[in-house]
Structures are given as structure tokens and as C-alpha cells.
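Scroll down for the structure; my scribbles are underneath it.
Chain letters run A, B, ... following the sequence lines, proteins first, then strands; residues in each count from 1.
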2 protein chains.
Amino acid sequence: MLRLSKLTDYATVILSFMARDNTQLHAAMEIASATGIALPTVSKILKLLVNAKLLISTRGAKGGYALARAPEKISIAAVISVLEGPIALTECSISHQGCEQASGCDIRDSWSLINQTIHNALEALTLADMIKPVQLQNPAWKQEILIPIASLYR
Amino acid sequence: MLRLSKLTDYATVILSFMARDNTQLHAAMEIASATGIALPTVSKILKLLVNAKLLISTRGAKGGYALARAPEKISIAAVISVLEGPIALTECSISHQGCEQASGCDIRDSWSLINQTIHNALEALTLADMIKPVQLQNPAWKQEILIPIASLYR
DNA sequence: TGATTGTGTACTATTCTAGTCCTATTTAAA
DNA sequence: TTTAAATAGGACTAGAATAGTACACAATCA
């Protein structure tokens, strides 16, 4: 599996929950019971999101968390970056050092293109999109979603 | 990082090497020294690729491995699937059971759409594309690669 | 002042990954 | 017929990463 960690998955669940009611503060406890994720785990994720400036926290009694921006302005790519680091499939896409392949690793450029594609896809999708019901019945999306990536090489 | 395992990375390197000279058999030993990957590891990966029918093996003296199909017919998605299992970002995209979120997990459909996008991107790219030199100088690709995924929700 | 709520850090158990090794089987060549 | 070369299959281990927990501390409000 092209795996995303569980924590990232939780983060999207938590943020989606908050995006649905963006007018008030949500305490960690409230989020935990609403989402079914254990409180310590929720707390851990919220802290990371605050550090990444995706959330704003208010301490003390009646405190809690709120989105730092409108849901339309928070991309899924940003959420993933917080929990997983840079979005890249292979190690050498991040750091070009340490690749000790004897023969020329000519496929690095190909990978970077693939990474770019995926990154763009995730960048275009926002929290606001996540909480809208999707019409999977719409047959148009199948064509629309195809990416002519192979053609880039010709 | 949206991580792909090292083994998957190695597999693409190995397959690229083989695709460059698809006319003869390559022994595991030869591939190991050409790519700089340790022999036991190469061997392990080759076995997996044979089981997945991406390679054909010939036993005995003068034996070795060869691509089962032309490089144009081997997609990167297929390679990734062999080493990582189904291409999906979240657990629930594979099995819809065991998701114990208390409140409705409405974002599952969104994830499946994202997964589909990424899968299509990887499906469109083949081994043949990987061994071609990429012209990153071409400024056109930046526009071309944008995916109107957000628009799908409107 | 005390209750509530977030902050920061450290810790641990578990799972996953990467890599190694060994033995059996098959085939070609001597 | 024997031997060497090569793949096949499985078991195993060390190390790293992940997920989850715990606790002391800081801030705010009533």
C-alpha cells in the first residue's frame, strides 16, 4: 500500500469534523468523543496541527481549537505534510545525496515528475471539498481525472 | 513522507536496468553488480516480480531473468502493487470494514477519489517512460499536469 | 483560588522493513 | 553422469518507525 499513516488519516477526520462547525471552539475532549479517536491521540495530533499553523488554540477553561483559516484555504497536501513531512514517494526526491546506485540513476527525474503530479492533486483538494458529499454516480469524472502524464515524456 | 518502501524503489531501478537491454537474460548476480544493490536483496525482489508475472525466470546454468512483456506494457502502478499491495492511501480505501469511527466517516468517498487519481497517474506511466530522458526544461508541463480535481466536487 | 484546558516531553509496546542465510530444485555443459 | 550455475522458497534477525500513553507544567476563566 502506498501508505499514509493512521495519524494522517485521523487528522483529516478531525479537521473535517471541525470544518463542519467552524464557528466555535472545540475542546480536545469533545473532538475525541465525536470522532471515536482516543483522547491522547487526538491531543497529539492537535498539537502538531497547531504548530503547523493549521489550527489556533486557546488555553484555559472554555478553551479549545479552531481552524486557522477557512476550510477552502486548507489543502489536503498541507495536512499530509504536517504529519508525514514532504510529499515525495522516494527518498532521493527529497535529498539527492546518499543515492549510491553505481550506474546512473536516470529515473530520478521521472520520479520527481510523478511526485509533482501527486502533489498537485493533493494541493488542489481542500478541507471544504472533503466535507461535501461526493456524487460518484457522475460518470464524467472518470474521463476528467485522467492525466496525460505519459505524454509528457514524448 | 508519502512513503514508498526502499524495495519498491529498488524494483524500479532493477526493472529499468533490464528494460534497457531487453534482448537477453540477466542473472541476479549481474543485476546486483550493475545496480549496486546487494545480491540477496536483488534476489528477493526478483522473486516477487516473477511471482507477479512481471518477469520470466529461467533456471539452471545460463539462466536468468527477463521482462515478461515489453517495457511499454509494464506500468509503474503494477510494479508498486507487487511490492506494496494495492495502491491506496488509507486503510479504509482497501477494506471498508473495521473503520470504527463513531460519527459518519463521510470523507471516505473523497479519499477513494484521491486514490483513483493517483492510481491513474501511476497507471499511465510505464517502464518505457522511465528510461527515456526527461526534458524538465520544457515549461509546458507545469500547466499540463494540473488536475482539476477540486472541480469534481462542484 | 481552583477547575478546566492546552503544552511539552518522555516513554513503551508493537508492528513493519530491510536484509541475510540456508537448503532444495532445475538446467546446461563438461 | 557428474558438476557447476542459477533460481525458488522459506525462515530468521536486527533495527527502525509507528501508535499510543503518561505525566508534569502553563494558562485562562469564573
Is there a donor-acceptor pair closer than 3.5 Å between any side-chain N or O of [X] and the backbone N or O of [Y]?
X	Y	value
Asp21(A)	Met18(A)	no
Asp129(B)	Thr126(B)	yes
Ser43(B)	Leu39(B)	no
Thr35(B)	Ile31(B)	yes

(request) Would you please say whether a donor-acceptor pair under 3.5 Å links the side chains of Ser75(A) and Glu123(A)? (result) yes

(request) Could you give me the CA-CA distance, side-chain angles and deciding distance for Val50(B) and Ile56(B), then say whether side-chain contact (heavy atoms from CB on, under 4.5 Å) is met? (result) CA-CA 6 Å; Val50(B) 168; Ile56(B) 290 173; over 6 Å; no

(message) I'd like the 5' and 3' limits of the part of DNA chain D contacted by chain B, with heavy-atom contacts below 4.0 Å.
(response) dA5(D) to dG10(D)

Would you list the protein and nucleotides 2-5 of chain C atom pairs, both N or O, that sit under 3.5 Å from each other?
| residue | atom | partner | partner atom | Å |
| --- | --- | --- | --- | --- |
| dT4(C) | O2 | Ala61(A) | N | 3.3 |
| dT5(C) | O4' | Gly60(A) | O | 3.2 |

To the nearest Å, how far apart are [X] [atom1] and [N] [atom2]?
X	N	atom1	atom2	answer
Leu48(B)	dT17(C)	CG	C1'	13 Å
Leu49(A)	dG6(C)	CG	P	14 Å
Lys6(B)	dC16(C)	NZ	P	19 Å
Tyr10(B)	dA18(C)	OH	P	8 Å
Leu4(B)	dT17(C)	CG	C1'	13 Å

Using nucleotides 10-14 of chain C, report all nitrogen or oxygen pairs with the protein that are shorter than 3.5 Å.
none

Can you see which heavy atom on [X] is nearest to which on [Y], and at what distance?
X	Y	result
Leu54(A)	Arg69(A)	CD2-NH2, 3.6 Å
Leu15(A)	Val79(A)	CD1-CG2, 3.6 Å
Ala32(B)	Ala38(B)	CB-C, 4.5 Å

(message) For a quick check of understanding: with a heavy-atom distance under 4.0 Å over all strands, which category does Leu7(B) fall into, base, sugar-phosphate or nothing?
(response) sugar-phosphate

(request) Tell me what Lys47(B) touches on the nucleic acid: a base, only sugar-phosphate, or nothing, going by heavy atoms under 4.0 Å. (result) base

(request) Sort out for me which residue in Thr12(A), Ile80(A), Asp9(A) forms a side chain to side chain contact (heavy atoms under 4.5 Å, CB included) with Leu4(A). (result)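 Single pass found, and it is Ile80(A).
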
(request) Could you go through the side-chain contact (heavy atoms from CB on, under 4.5 Å) check for Leu83(A) and Leu7(A) one step at a time? (result) CA-CA 7 Å; Leu83(A) 288 115; Leu7(A) 291 185; 3.8 Å; yes

